[in-house]
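For clarity, every value in this text was computed on a predicted model and none was experimentally measured. Order of the sequence lines fixes the chain letters, A, B, ..., with proteins taken first and strands second; residue numbering starts at 1 for each chain.
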Amino acid sequence: MAYKPQYCAGSSVVAANRRKQMDPAHKLTKLRDVTDKDIVLIMGHRAPGSAYKSAHPPLAEQQEPACPIRKMVTPTDGAKAGDRVRYIQFADSMYNAPCQPYLRSYLEAYRFRGIDPGTLSGRQIIECRERDLEKYAKDLVNTELFDPALCGVRGATVHGHSLRLDENGMMFDMLQRCVLDKKAGVVKYVKNQIGEPLDSEVKVGKPMDNKWLKANTTIYHSLVGSAYRDDAEAVEYIQRIHGLRVKYGFMPKE
Amino acid sequence: MTEATFPQCRIDSERLMNPETTEKLLNKIVSVAGVRRMVLNGQRLPATVPYGPARGQANPHPMRKTIHVGDQEIPLQVHVGTVLLEIENKDVIPALKAAIEPVFTDFSFRIKEGKFMKTEPSLVDYCKYGPNADKAMLGLADPSSKSKPIILQGIR
């Protein structure tokens, strides 16, 4: 029988959402239309429209050593062109943000190529060749993985994941890279991801409502969402893993 | 003089408060007799970016404003989420609760009695203030901070 990945244990909505996001066969719903130029502005690695800087000559122009792995793996567009490695980093609120750092690394590993994700408790960074990054970043911002109020593109000074939201429903940001335009109800980036002011505001759309967030979140939260302890399958799974790890510590002989 | 220990309480709001809400809340607190000391706790909002590639650049932030409380101007340095209070006696808490209730219309709050501020000098306080520390200053600010307390004239 062919192997069929199961992605994640759990019988709750949260677990189902995690599985959905990780499964590359599931097409992520597009919710907003942030343009390529806007993504480049938010990331702040290069001026929109400028050429990609390179770290090495294009692969076609350089002599590659005879290597069976190089023959097997098709290089990504960025690698082919010799682009620099650049990054995008996200901070996600634990108040029902649609994606979470740990999950981001999983889903990126399943969905994208040529990436180096780094996971921390409240933020997640993904590094890859610049033109690949722009393509991936667009997916990460425009789809159901992102909420303008509860997910932030933050290169430095990321604190906010575990803090209470502010009165406007936005996650705390010491540098306030994005602000809520109360009249239009739209979130606008006024600084790039490292906190430098942008010449023009970048609109990233309306924050999603609480009902949508609760139905699409991938984090357990006993107060504002679904509690981990209510998910019997997830608890059973984690207890099994815990039990096996402890037993293995004693090197059991069967 | 008799050494007195005053009760303390803490006001937690469900959301971090905008400067306008903080101003409203503090004016309500000031209107209640019996509040001795108060600390505004929250995430710091520095005027310049403290670290990272943009270090040293100005950090305009809509939540960092100067608010008017009682007869004083208070430049906010934090995004207020918690207010610590030292009060003269426990009877002040119900009055305080009744006074601030109208401020929290859109989200909830909690008022909790306990011990949240220092009342005895710690080692760092001793290093900073010496053996005769003013007890009114203890626990109000980090000993390394250069900021001074703001004195609000209450209703008495």
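For a residue to count as touching a neighbouring chain, one of its non-hydrogen atoms must lie under 4.5 Å from one of that chain's; by this rule Tyr51(B) touches chain A with backbone and side chain alike. Both the backbone and the side chain of Thr82(B) come within contact range of chain A, each with at least one heavy atom under 4.5 Å from a heavy atom of that chain. Contacts between Asn59(B) and chain A at a heavy-atom distance below 4.5 Å involve backbone atoms as well as side-chain atoms.
Near-neighbour residues of residues 157-185 of chain A relative to chain B, defined by a heavy atom under 4.5 Å from a heavy atom of that chain, comprise Thr157(A), His159(A), Leu163(A), Arg164(A), Leu165(A), Asp166(A), Glu167(A), Asn168(A), Gly169(A), Phe172(A), Asp173(A), Met174(A), Leu175(A), Gln176(A), Val179(A), Lys182(A).
Partners of Arg64(B) by side chain to side chain donor-acceptor pair (under 3.5 Å), not counting sequence neighbours: none found. With sequence neighbours excluded, the residues satisfying side-chain contact (heavy atoms from CB on, under 4.5 Å) with Tyr52(A) are Arg46(A), Asp83(A), Glu130(A), Arg131(A), Glu134(A). Residues satisfying the ring-ring contact (aromatic ring centres under 6.0 Å, His included) criterion with Tyr220(A), sequence neighbours excluded, are Tyr228(A).
In this structure, Phe104(B) places its CZ atom where more than 12 heavy-atom neighbours from other residues, nucleotides or ligands lie under 6.0 Å away. Counting non-hydrogen atoms of other residues, nucleotides and ligands closer than 6.0 Å to NZ of Lys20(A) gives a total above 12. Under a cut-off of 6.0 angstrom, the local environment of CZ in Phe107(B) is crowded, with over 12 non-hydrogen atoms contributed by other residues, nucleotides or ligands.
Listed here is the closest heavy atom pair of Gln57(B) and Pro197(A): OE1-CD, 3.5 Å. The minimum heavy-atom distance between Ala156(A) and Pro53(B), with the atom names listed, is CB-CD, 4.0 Å.
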